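Down below is the structure, laid out as structure tokens.
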Amino acid sequence: MRTIFKQSHGLQRFMLLLGFGLVGLFIFVAIFAPWLAPYDFNADRANGVIFGTQQPPSADHWFGTTVGGTDVLSRVIYGARTSVEVIVLAVVLSGLIGVPIGLVSGYLGGWLDRVLVLIMDALYAFPSLLLAIVVSIVVSGGDSGALGGILAAALSITVVFVPQYYRVIRNATLAVKAEPYVDAAKVVGVRTPRILRKHIFSNVSSSLPVIGTLNASEAILTLAGLGFLGFGIEPSAAAEWGYDLNKALPDASSGIWWTGVFPGLAIVLIVLGATLVGESLNDILNPMLRTRGADTSEADQAEIEHEFAEVVDQADSPAGAGPLVDPVETPFRELKGLRGNKWLRGRSGSRRCRSATWQSPSAPTPGRSRPSTACSSTSPPARSWRSSASPDRASR
């Protein structure tokens, strides 16, 4: 975790911290829900006093009361516990099922790979919410109590996410299994389970945190959709934000905004937090999108300048010994990182003739330069550059 924070900077670090803060806040609320909520999620009275229906926010009820007379704040807090439980179960089960299947399918190939690809593509092409509804009905079997409802919702979301884990891990396995170290493990007689566990999984698992966090945000929306349509958890068994939004629909036209705003705001915030974490991790862990922090850039800058100074010293030696650095072959990031030095690149003669000139800003006169050319009428220029002090080059 500390390494991830070091690799982030600027707006990227702010987004990562904001995402972790929002997710951590909801996890904290979910764990300590019985102590944070002023009332039980299904309570409509306290000490024999009825709360009243659709009461506006007040000192006794900070978020007001619902059409059923329950406290909105208590239902939002307990709804966080339900959402976190379903999300954790769904993401963990999806990874436990999708990752091994993707490893085996990508490594073994053959008819097994073709069958699994066909099944996973069919599941992936099916509308996710409709698939979750069907699985929820089949799994719950009419029992949508606290434990059964949470398990049914988690399994219905798991079926939707398994193809995503499978496709990502399978594609990564197809690339990794062709590496030389995998072939070397086969030659020395390492068994297939150990190759999958030690050599392949360790090299394809870097994308799992990103998939997990992004799937978590999607799982929240799927759970809210199930509850909104009436296929979620029984409202008397557990609080659920989607169900509360469904019951708040008639209130919106009557000017009763608090019954729908606070559950909806909770959904937006937790989805935002999970998405920010997932996108930030993707930017940091993905080599194609990774941007370095300030500390790392300064260290690399110092190392590049030190190596460049050694090359300059060799080029400026009295004997003229030592090769010049070819600006054509030097990576652009090194040329860009050099401070106070200018690379001049030009062309002369035919298409096969190239020249490069290095000019030091500390030179006493602007004319001090070291040209280096490589000309050929029939072949590409050589990669090794000779010193301009060579008599043979000077005669040319």
Side-chain angles (χ1 to χ4, degrees), residues 26 30 41-42 66-68 75-76 78-98 101 116-168 211-252 259-260 263-268 270-272 274-275 278:
F26 279 95
F41 68 91
N42 206 30
T66 65
V67 67
R75 290 195 63 84
V76 170
Y78 276 97
R81 164 174 283 193
T82 304
S83 299
V84 170
E85 290 174 349
V86 173
I87 292 168
V88 171
L89 282 176
V91 173
V92 171
L93 290 177
S94 301
L96 291 178
I97 297 174
I101 295 177
L116 289 175
V117 168
L118 181 63
I119 296 174
M120 294 300 169
D121 285 347
L123 290 176
Y124 194 75
F126 208 80
S128 58
L129 184 57
L130 182 58
L131 179 62
I133 292 173
V134 173
V135 176
S136 176
I137 295 174
V138 172
V139 173
S140 62
D143 180 18
S144 56
L147 181 60
I150 292 175
L151 183 60
L155 290 177
S156 62
I157 298 173
T158 298
V159 176
V160 176
F161 291 157
V162 165
Q164 300 181 22
Y165 285 87
Y166 168 82
R167 290 159 66 96
V168 172
I211 304 174
T213 50
L214 294 178
N215 281 348
S217 61
E218 188 176 351
I220 299 167
L221 297 176
T222 304
L223 176 63
L226 291 174
F228 185 83
L229 296 175
F231 296 99
I233 305 170
E234 181 69 26
S236 60
E240 207 279 307
W241 294 331
Y243 174 83
D244 293 341
L245 287 178
N246 187 320
K247 294 301 181 182
L249 281 178
D251 299 340
T259 57
L265 183 61
I267 295 175
V268 170
I270 192 172
V271 170
L272 176 63
T275 303

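Numbers here are sequence positions counted from 1. Predicted, not measured: the structure shown is a model, and the values here were computed from it.
- Below 30°, between 30° and 60°, or above 60°: for Trp241 and Phe26 the angle between ring planes is above 60°, a perpendicular geometry.
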Is there a side chain to side chain contact (heavy atoms under 4.5 Å, CB included) between Lys247 and Thr259 once you walk through the steps? CA-CA 8 Å; Lys247 294 301 181 182; Thr259 57; over 6 Å; no
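- The side-chain contact (heavy atoms from CB on, under 4.5 Å) search around Ile133 returns Leu129, Ile137, Leu226, Leu229, Phe231, not counting sequence neighbours.
- The side-chain hydrogen bond (donor to acceptor under 3.5 Å, both in side chains) analysis of residues 117-128, with sequence neighbours excluded, yields the pairs Asp121-Arg167.
- Nearest approach of Val135 to Ser156, heavy atoms of both residues: CG1-CA, 3.5 Å.
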Can you list, pair by pair, the side-chain donor-acceptor contacts under 3.5 Å of residues 85-98, counting residues two or more places apart and other chains?
| from | atom 1 | to | atom 2 | distance (Å) |
| --- | --- | --- | --- | --- |
| Ser94 | OG | Ala90 | O | 2.6 |

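- Considering all non-hydrogen atoms of both residues, Ala238 and Ile233 come closest at CB-CG2, 3.9 Å.
- Val159 is listed as a side-chain neighbour of Leu131, based on a closest heavy-atom distance under 4.5 Å.
- Within the model, atoms CG of Leu265 and CG of Leu272 stand 10.5 Å from one another, a figure rounded to the nearest 0.5 Å.
- With sequence neighbours left out, Tyr243 forms a ring pair (Phe, Tyr, Trp, His ring centres under 6.0 Å) with no residue at all.
- Leu245 is linked by a side-chain contact (heavy atoms from CB on, under 4.5 Å) to Phe228, Pro263, Ile267, counting only residues two or more places apart in sequence or in another chain.
- Closest heavy-atom contact between Arg75 and Ala239: O-CB, 3.5 Å.
- Between Tyr166 and Val117 the shortest side-chain heavy-atom distance falls below 4.5 Å.
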Without placing hydrogens or testing angles, list every side-chain donor-acceptor pair under 3.5 Å for residues 212-222, not counting sequence neighbours.
| from | atom 1 | to | atom 2 | distance (Å) |
| --- | --- | --- | --- | --- |
| Thr213 | OG1 | Pro209 | O | 3.0 |
| Thr213 | OG1 | Val210 | O | 2.9 |
| Asn215 | ND2 | Ile211 | O | 3.4 |
| Ser217 | OG | Leu214 | O | 2.6 |
| Thr222 | OG1 | Glu218 | O | 2.9 |

